Every structure is written in C-alpha cells, then in structure tokens.
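Have a look at the structure below, then the notes.
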Protein chains: 2
Amino acid sequence: MQSFTEENYLKIIYHLAENTGNVQTNAIAEQMQTKPASVTDMIKKLAEKGFVDYIKYQGVTLTEKGRNAAIEIVRKHRLWEVFLVDKLNFKWDEVHDVAEELEHIKSTALIERLDEFLGFPKSDPHGDPIPDKNGRFAKTQFTKLIDLKIGDQGTITGVSQHSSAFLKHLEKLGLTLGKQIEINDVTDFDGSVEILIAGKQINISREVAKHILTSSNGKN
Amino acid sequence: MQSFTEENYLKIIYHLAENTGNVQTNAIAEQMQTKPASVTDMIKKLAEKGFVDYIKYQGVTLTEKGRNAAIEIVRKHRLWEVFLVDKLNFKWDEVHDVAEELEHIKSTALIERLDEFLGFPKSDPHGDPIPDKNGRFAKTQFTKLIDLKIGDQGTITGVSQHSSAFLKHLEKLGLTLGKQIEINDVTDFDGSVEILIAGKQINISREVAKHILTSSNGKN
DNA sequence: AATAATTTTTAGATTTACCTAAAAATATAA
DNA sequence: TTATATTTTTAGGTAAATCTAAAAATTATT
Ligand SMILES: [Mn+2]
Ligand SMILES: [Mn+2]
Ligand SMILES: [Mn+2]
Ligand SMILES: [Mn+2]
C-alpha cells in the first residue's frame, strides 16, 4: 500500500514517461512542485519498493509494478471525473482538483462498482482514455487540430491541456467534445486557424489549436 | 484547513461528547487507537487552533468552531454512505471503512451536489441523521428495542452498533431499517426477546436488542 | 580537452504525528 | 487523611516528507 505522496510521484513519473523515456529528477520536481533534493529522496524509496528502476544521475523508469500502480491511479482519477461531470453536473473545467483527491481512495470494490455505475466509460470528460480494470487502454489515435490541412474535417475528441482557463475558453467558443469542425483557412500572419463549427466561422489562435485533439475524417 | 488526523480527532471528540460532557484523554486515545501521550499533543494543537477548549487534566470540549467542523465531517461521512448503498449497491455493512476515507475529501461544491444527487437524504443507511449544510439535524427520537414492552409495536429506524458482524447478523434475521416488529415475549432465563417480524416469530439476544433502535407505535 | 553550465545528490535541519518511559496531578480506597 | 490506583502530562526520540546549502556528476560550450 502506497502513501498519497508515493501515488502522486508514480502518476507523475508515468505521465512524464509518456513523452520521454527516462524521467529526470528536475522534471519530477517541477510537476510535484517540490525541490529536486526531495525527489531524490523519494526516488530512492520508490526504487527500494520496486516501483522504479533507478541509476544515480540517470533518472528513473517505472517497473512493471510501478506502471500498474500508476495506471490504477489514472483509472481512478478519470472515472471520478466522469462521475463528477455525468452525475453531479460539474463542468469539465471544475473536476480536476477534486479528482486529484478522490483518486487516492483505496477500495477496489468502490472503483469497480463506480465503473459499472457509470456504464464502463472509455474516456473521461477531457477525452483521455480510461484503462479497464486490467490496465488496458482502448487504442486511441488523434490528430492535433493544428496539424489538419485546409479543407479537412474532424471531430473534437480531446484536449492536451487541462487548465481551467483553457477549458473555459473552449467552452465559450463551443469547442467541446464531439463537435464537428472543418478547417477553412490558416492565417499567414500569426498562424491562427479559421474553422467552421456548427455553421459558424471562428478564428482560434495557434496556441489553442495546438491543444485540441481531433479524429480527422480526412478531406471532405 | 485541517489535516486528516485533526479531522478524525474532531469527529471522535464530537461523538464522545454526545454521551458525556467533557471528553477525556484516554477515551480519545482508545477511539483513535493511539496512545494518551499522542492525544495530549494533538489536543494542544487543536486548542491552539481554536477547535477545543482545554484545561490541563480536565479533558476537552469542542468550541463552536470545532463542533461545526466535526458536524461537517459527519455530514460527509453519512452522505457518502448513502451514495455507496443507494447508487453503488453496497450493503450497509460494507460502507463504513470507505466512508472513513471519503469523508476527508475537501470540496464544498462536491458535497452539496452529492447531497442534491441523492435527493437530500435525512438519514444514512444505519438510520443516523444527516445534518444539512448548515449543520442542523432533523430531530430524531427512538426507543431501544430492548426497552419496548410485551405487546408494543414499532418500526426499526436505526442501529447503535455499526460493526460489520452485527449488521450482517441483522440482515440475516431480516431486521433491516423500516421493518415493522412486535414484542411477543421476553425470556426470563437470558433476557432474550421474542419478536414478530414479517409474520414470523424469532428470538434475538439481549445484546442484539440493545442495539436496535425503533420508533415505537406504542401498544397495539 | 578544458571550462562553464546544468543537473543531481548529499548533508544536515525542520515539521507532523507518532512512540516509550517517567513524572505529576487527580481520583479512589483504606 | 494518608496511601494506592488511575489518569494525564512531560521529556526525549523516531520516521516520513519536506527544506536549504553545498558538493559531486553530467552535459554543453568554447
Ligand atoms: Mn484530471
Ligand atoms: Mn481528465
Ligand atoms: Mn459509518
Ligand atoms: Mn452510518
């Protein structure tokens, strides 16, 4: 049984490893909002417990055991987010902090019954995939909106930025999950993107376009 | 903002104070499954923070602030228990431990929306009253089954013992909340009670009868 | 390859929530 | 009311997770 702190480290190492292979001490420290010296201490403990492989000065990688533990936490986090949005009518920008707490509740029965209660959802309110109880994710593939070409159509399936500010912004623009869009133009000047959404044409910044994920339907 | 530990102390002091006025160090230690010396440490901290009034060697009493904090935790605990039973199909003997964890989740929005989602329940799966968001309890009054006289009728409205063993036992006997009962006889030998429940006559021990709470309908 | 910059680790403290053992205060009994 | 028992507190310490400052290792730059 791991402490909340250990669980948070595992989750963060897992997410950092999705991008890069070896996870660096400083990167963990930044995510955990703590100091590198503290991370080194915790890394040693996690290595001791068999959750990570660790070579001094070389960063860490999750072991099989560590990966499973991390995925379990991700699963809980995302299921609770679904609960908050689907059942308690939270907005998608309001759920993350509460889920950060709920993800640490220790009860296998609880999470399995919650999963069932929610109808075994495959993705969370931000489009992120929810692993099943065996830790398996449904295959997901997406194209960043920024990478679509003029004339391409697609459906919004996720976001790669979870800040409340960003999500509220999308909400206001009507850019929510499941919406159909089409790329009308890309502005030379600032790289902003003209898109067609629900019959209306709007302009979104490059920065916003980078963090919207779509399932492209290819050219129209 | 209090730590989990502080919250648990407050809750336990609150429950102990329901019976006796001043709460003693040893009583708290027993409930917290810790040592009296540790309790003294924590008591000082809680007094420092204004949650309890404390005079050395004289035990503690909750301040207004402390009482409110404690009631908030009780409210969360009981609402989560309702959620687990009503929505996730947990049995009434399975919910306590999970609720012990869930009660510490810090989000006012969460608990208010949960309350609404559950239909503003007035009591939890064990018949214990749920305070509203202002900390007010619906008036409850009950008669212990053991105190009913032969011929009295009543409805089971609660239990004063929450152990899984006891609750499972009641379940097996069909003695669940809302059931109508009638006292047929009291055995001289061991004080056990003969009751009529759902048309069947059963015998329950004095110990069991002590912990069943009823709303007596008076004599039949 | 030597130097500079960056990253990571160690050393030594701090805080929180515990603990044991012994002292002090209070309550009970003779 | 003195002696005994119980309760409570103090004193001093431990373990987990953090910190700062300084040393060591690695990586990047000239
Ligand atoms: Mn989240
Ligand atoms: Mn999410
Ligand atoms: Mn309970
Ligand atoms: Mn209860």
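Model, not experiment: these values are computed from the prediction. A note on names: the letters A, B, ... follow the listed sequences, proteins ahead of strands, and every chain is numbered from 1.
For the pair A:Lys91 and A:Glu94, the salt-bridge criterion is not met [side-chain N within less than 4.0 Å of a carboxylate O]. Electrostatic pairing of A:Arg75 and A:Asp115 counts as a salt bridge here, judged by a charged N lying under 4.0 Å from a carboxylate O.
B:Lys168 is linked by a salt bridge (charged side-chain N to carboxylate O under 4.0 Å, His left out) to B:Asp93, counting only residues two or more places apart in sequence or in another chain. Considering only residues two or more places apart in sequence or on other chains, A:Glu6 meets the side-chain contact (heavy atoms from CB on, under 4.5 Å) condition with A:Gln2, A:Ser3, A:Met42, A:Lys45, A:Leu46, A:Lys49.
When the P atom of D:dT26 is taken as reference, atom CD1 of A:Ile55 falls 11 Å away, rounded to whole Å. Protein atom CG of B:Asp41 is 15 Å distant from nucleotide atom P of D:dG13, rounded to whole Å. Atom P of nucleotide D:dT27 and atom CG of A:Asn22 are separated by 11 Å, given to the nearest angstrom. Between the CG atom of A:Asn26 and the P atom of D:dT26 there is a distance of 15 Å, rounded to whole Å. Rounded to an integer number of Å, the gap from B:Met42 CE to C:dC19 P is 11 Å. Put simply, CD1 on A:Ile43 is 12 Å from C1' on C:dT7, counting in whole angstrom units. Straight-line distance from the CZ atom of A:Phe4 to the C1' atom of D:dA16: 15 Å, rounded to whole Å.
Residue-environment remark: CG (A:Asn134) exceeds the threshold of 12 foreign heavy atoms within 6.0 Å.
Sorted by first and then second residue, the side-chain hydrogen bond (donor to acceptor under 3.5 Å, both in side chains) pairs involving residues 54-72 of chain A (not counting sequence neighbours) form an empty list.
When heavy atoms are screened at a 4.0 angstrom cut-off, A:Thr25 is found touching the sugar-phosphate backbone but no base atom. Note on B:Thr40: a base of the nucleic acid sits closer than 4.0 angstrom, heavy atoms only.
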Q) Taking it one step at a time, do A:Trp92 and A:Asp124 satisfy side chain to side chain contact (heavy atoms under 4.5 Å, CB included)? A) CA-CA 9 Å; A:Trp92 71 341; A:Asp124 84 358; over 6 Å; no
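For the contact set between residues 27-38 of chain A and DNA chain D, defined by any heavy atom under 4.0 Å, the members are A:Thr34, A:Lys35, A:Ala37, A:Ser38.
The side-chain tip of B:Lys87 points at the ring of B:Phe117 from less than 6.0 angstrom away and within 45° of straight on.
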Compile the donor-acceptor pairs under 3.5 Å between side chains in residues 78-85 of chain A and protein atoms, sequence neighbours left out, one pair per line.
residue: A:Arg78; atom: NH1; partner: A:Pro129; partner atom: O; Å: 2.6
residue: A:Trp80; atom: NE1; partner: A:Leu102; partner atom: O; Å: 3.4
residue: A:Glu81; atom: OE1; partner: A:His126; partner atom: ND1; Å: 3.1
residue: A:Glu81; atom: OE2; partner: A:His77; partner atom: NE2; Å: 2.8

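Considering only side-chain N and O atoms, B:Gln24 lies under 4.0 angstrom from the phosphate OP1 or OP2 of D:dT8. A sub-4.0 Å separation between OP1 or OP2 of C:dT9 and a side-chain N or O of A:Tyr54 is present.
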Give me, pair by pair, the N or O atoms of the protein and of nucleotides 23-26 of chain C that are less than 3.5 Å apart, along with how far apart they are.
residue: C:dA25; atom: O4'; partner: B:Tyr57; partner atom: OH; Å: 3.3

